[in-house]
Enquirer: 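Pasting in a structure now, in structure tokens, and then I'll have a few things to ask.
Counting convention: from 1, in listed order, for ligands and their atoms alike.
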Amino acid sequence: SAAEAGLYTASDQIQPLTPENAGALLVNSTAAIVVEFYASWCGHCVAFAPVYKELARDIKEWKPALDLAAIDCAAKDNRRFCSSYGITGYPSLKFFHAFSQASSTGRFIRGFHHDFSAIRQKLIDKLETHKDLWPPACPPLEPTSQAEVDRLFETNSVQHLALIFEKNTSYIGREVTLDLLQFENIAVRRVLSTEKDLVTLLGVTDFPSCYLYYPGGTFTRLQVNLEARTFYSSALQRLPGVVRSGKPPPVSLDVLANNTKEPWRPFNSSRVYMADLESALHYSLRVEVAAHPVIRKDALTSLKKYVAVLAKYFPGRPVVMNLLRSVDRWLQSQPGDEIQYEALEGILDNSAQTPNTALPEGETWVGCQGSQPHLRRYPCGVWTLFHVLTVVQSSSGGSTDPREVLGAMRGYVRSFFGCRHCAEHFENMARESMVGVRTAPAAAAWLWSRHNVVNNRLAGALSEDPNFPKIQWPSPEMCPSCHTVDANGDHKWNDKEVLRFLPSYFSASGILTDYLE
Ligand code: FAD
């Protein structure tokens, strides 16, 4: 379709606008909507697309109050439609207020540059121009006062109130308010540095700073590495009792046993477990690959590369390594362009009865346990496995192909990974940027950053385990030095520190062997 041929795909969290869905999207919507009118042939638009995508990722939590859309005005079916909105140049951004009438053609957002944080501030200014018909999901954005805070506790059963103290030119308070709008049991308000009563009452001297304020007047300062938006937002989203609206609250760990029918295995959430890696191997080789009774051509090439990489880099127990090497030798010696799974199965199950050679049967999830049987487990194991493999490849030095592990992963996912939707997304990411990987450490970093793109897309989705929320990983608690801010105060990864953290986290020597048979 025209929408798909344009500059954005379904993974970008940007709604494709068409003449057909314009009524549903723009008219009488409960959220304000920003539309980018672009032409796919226009170089400026191509250059702007990454900025708009970054904006979409940055403000995805704001969706119920403010959503983003885009339309390719170069597509034949869209031309007349675009001109009816007064579009003469590309890219153009227009703001549609919540509850817009059918006759509304939106308001131009002028003077935006290739700086998504500046656009984000313009969008807040526009949101604040709503008068009577305020978007219902949008919390109040104006500064609060002592009187209002007292009233809030009288009329509301809110568990936490976060007060962000800031100068009147700062947007952080409003940004954090919007970042938390999909979360329950918390309210966020901004307080200006000129609001003497509250500033004096709490003894506030830093602007910005964030305080948690409780009924009866007790308060504590929110502890963060840096006084900046993303640090506030992620700390507030993780406060006890704060949950994403519309999701069942996290189950406490002692009742989990009843849900999964398996005993809950206590584990350290900042370590890697061999039990997860072996479970992933078992499931991939004995279940996913087994779904192909005959493995031929591309799939066979993918399987050979996958097993070759396992035999070379999997940091496994000697028995498992013996098995992987024997499977690898057998596969490499197959001359034709197809094999029967049954034949492979014989090797996997060590039908020759070679001593000290085995891949344990069955799944024992530990770090990848889910609070429900349909959550986490295998896909978690796949990510973990490949992170470990990229790190082991990188630490093994040598002058091999830097994309050896990534290429094997790409082939495996494309040919065998059962979640076809996931495979398609992963293939898109691989096609987009995998060739840019020139060194083995860069391969580990590429997988880390792509995994975060997936986490970002899936945060809040039904597949998210409420006990293991999708975060931009590693969290500030796991690796404080990995996080920093840019000149705008926006979150930025300290890439050097991440490159130091990955090998320590996923290294062979750090893997725990609890729960192995
Ligand atoms: P996972 O995301 O599986 O992560 C496993 C563990 O890796 C985490 O517990 C954490 O310790 C660590 N980790 C997290 N982030 C990073 C990072 N950035 N770098 C390094 N380590 C990290 N599901 C969909 O619904 N749609 C999709 O399109 C989709 N695509 C997928 C593509 C691939 C290739 C794979 C393997 C899985 C995909 N999934 C997709 C599944 C999804 O990504 C999760 O694996 C699944 O929801 C389980 O999530 P989890 O909470 O166990 O953590």
Enquirer: Any atoms of ligand 1 less than 4.0 Å from a non-hydrogen atom of His425? List them with their elements.
Expert: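 Per the distance check, 28 (O).
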Enquirer: Identify the protein heavy atom lying closest to atom 41 (C) of ligand 1, giving its residue, its atom name and the separation to 0.1 Å.
Expert: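 Among all protein heavy atoms, the one nearest atom 41 (C) of ligand 1 is Pro379 CB, 3.8 Å.
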Enquirer: Within the 4.5 Å heavy-atom criterion, are Val392 and Phe506 side-chain neighbours or not?
Expert: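 Val392 does not reach Phe506 side chain to side chain.
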Enquirer: Is it true that Arg457 lies under 4.0 Å from ligand 1, counting heavy atoms only?
Expert: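 Yes, Arg457 has a heavy atom closer than 4.0 Å to ligand 1.
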Enquirer: May I ask whether Phe386 places a heavy atom under 4.0 Å from ligand 1?
Expert: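 Phe386: no contact with ligand 1 (<4.0 Å).
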Enquirer: Considering non-hydrogen atoms of the protein only, which is the closest contact for atom 9 (O) of ligand 1, and what is the distance?
Expert: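 Residue, atom and distance for the closest contact: Arg376 NH2, 3.0 Å.
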Enquirer: Do Arg286 and Glu345 meet the salt-bridge criterion of a basic N to acidic O distance under 4.0 Å?
Expert: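 Looking at Glu345 and Arg286, the cut-off is not met.
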Enquirer: Going by heavy atoms in the side chains, are Glu54 and His114 under 4.5 Å from each other?
Expert: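 They are not in contact (no side-chain heavy atoms under 4.5 Å apart), so the answer is no.
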Enquirer: So is Ser463 in contact with ligand 1, going by heavy-atom distances below 4.0 Å?
Expert: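 Yes; Ser463 lies near enough to ligand 1 that a heavy-atom distance drops under 4.0 Å.
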Enquirer: In sequence, state the C-alpha distance, the side-chain angles, and the governing distance for Phe231 and His491, and then conclude on ring pair (Phe, Tyr, Trp, His ring centres under 6.0 Å).
Expert: CA-CA 8 Å; Phe231 292 86; His491 179 268; 5.8 Å; yes
Enquirer: Please state which protein non-hydrogen atom is closest to atom 32 (C) of ligand 1 and give its distance, to 0.1 Å?
Expert: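 The protein heavy atom lying closest is Cys422 CB, 3.6 Å.
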Enquirer: Geometry only, no angles: is Trp448 polar-contacting ligand 1 at N/O separations under 3.5 Å?
Expert: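 Indeed, backbone or side chain, Trp448 has an N or O that close.
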Enquirer: With heavy-atom distances below 4.0 Å as the criterion, list the atoms of ligand 1 near His387.
Expert: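 In order of number, 19 (N), 20 (C), 21 (N), 22 (C).
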Enquirer: Any non-hydrogen atom of Lys470 lying under 4.0 Å from ligand 1?
Expert: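 Yes, Lys470 has a heavy atom closer than 4.0 Å to ligand 1.
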Enquirer: Please determine which of Arg174, Arg229, Lys60 meets the side-chain hydrogen bond (donor to acceptor under 3.5 Å, both in side chains) test together with Asp179.
Expert: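 For Asp179, the side-chain hydrogen bond (donor to acceptor under 3.5 Å, both in side chains) check succeeds only for Arg229.
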Enquirer: Under 4.0 Å from any heavy atom of Val382, which atoms of ligand 1 are there?
Expert: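 By the 4.0 Å cutoff, the relevant atoms are 36 (C).
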Enquirer: Using a strict cut-off of 4.0 Å, indicate which atoms of ligand 1 neighbour a heavy atom of Val454.
Expert: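 In order of numbering, the contacting atoms are 43 (O).
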Enquirer: How far is atom 2 (O) of ligand 1 from its nearest protein heavy atom, and which residue and atom is that?
Expert: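 Checked against all protein heavy atoms, atom 2 (O) of ligand 1 sits closest to His451 NE2, 2.7 Å.
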Enquirer: Starting from atom 15 (N) of ligand 1, what is the nearest protein heavy atom, named by residue and atom, and what distance separates them?
Expert: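 Result: Asn455 ND2, 3.0 Å.
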Enquirer: Using a 4.5 Å cut-off on heavy atoms from C-beta on, say whether the side chain of Leu512 contacts that of Met274.
Expert: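 With C-beta onward as the side chain, the pair stays apart.
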Enquirer: Please determine whether a side-chain nitrogen of the Lys or Arg among Glu175 and Arg120 lies less than 4.0 Å from a carboxylate oxygen of the Asp or Glu.
Expert: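 Judged by the 4.0 Å cut-off on N to carboxylate O distance, Glu175 and Arg120 do form a salt bridge.
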Enquirer: Would you call Asp465 a ligand 1 contact, heavy-atom distance under 4.0 Å?
Expert: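 No, Asp465 has no heavy atom closer than 4.0 Å to ligand 1.
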Enquirer: What I'd like to find out is whether the side chain of Val34 reaches to under 4.5 Å of the side chain of Asp67, using heavy atoms alone.
Expert: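 SC-SC contact between Val34 and Asp67 ruled out.
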Enquirer: Are side-chain heavy atoms of Tyr273 and Cys368 found at a separation under 4.5 Å?
Expert: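 No, side chains not in contact.
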Enquirer: Using a cut-off of 6.0 Å, state whether more than 12 heavy atoms not belonging to Lys53 lie near its atom NZ.
Expert: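 Check passes, neighbour count above 12.
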Enquirer: Can you list the atoms of ligand 1 that are under 4.0 Å from a heavy atom of Phe506?
Expert: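 Taking each heavy atom of Phe506 in turn, ligand 1 has 20 (C), 21 (N) under 4.0 Å.
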Enquirer: Could you list the atoms of ligand 1 found under 4.0 angstrom from a heavy atom of Tyr505?
Expert: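 Result: 11 (O).
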Enquirer: Kindly give the heavy-atom pair with the smallest separation between Gly411 and Ser302, and that separation in Å.
Expert: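 Heavy atoms of Gly411 and Ser302 come nearest at O-OG, 3.2 Å.
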Enquirer: Identify the closest protein heavy atom to atom 10 (C) of ligand 1: which residue and atom is it, and at what distance?
Expert: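 Protein heavy atom with the smallest distance to atom 10 (C) of ligand 1: Trp473 NE1, 3.5 Å.
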Enquirer: Relative to each other, are the rings of Phe426 and Trp383 parallel, tilted or perpendicular (30° and 60° limits)?
Expert: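 Phe426 and Trp383: perpendicular rings.
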Enquirer: What residue and heavy atom of the protein are closest to atom 26 (N) of ligand 1, and at what distance?
Expert: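 Nearest protein contact, heavy atoms only, for atom 26 (N) of ligand 1 is Leu458 CD2, 3.6 Å.
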Enquirer: Looking at Arg244 and Glu184, is any side-chain nitrogen of the basic one under 4.0 Å from a carboxylate oxygen of the acidic one?
Expert: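 Judged by the 4.0 Å cut-off on N to carboxylate O distance, Glu184 and Arg244 do not form a salt bridge.
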Enquirer: Distance to 0.1 Å, residue and atom name: give those for the protein heavy atom nearest to atom 44 (C) of ligand 1.
Expert: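 Minimum-distance protein heavy atom for atom 44 (C) of ligand 1 reads Trp383 NE1, 4.0 Å.
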Enquirer: Which ligand 1 atoms, with their elements, are less than 4.0 angstrom from a heavy-atom of Phe426?
Expert: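 Selected atoms, number and element: 34 (C).
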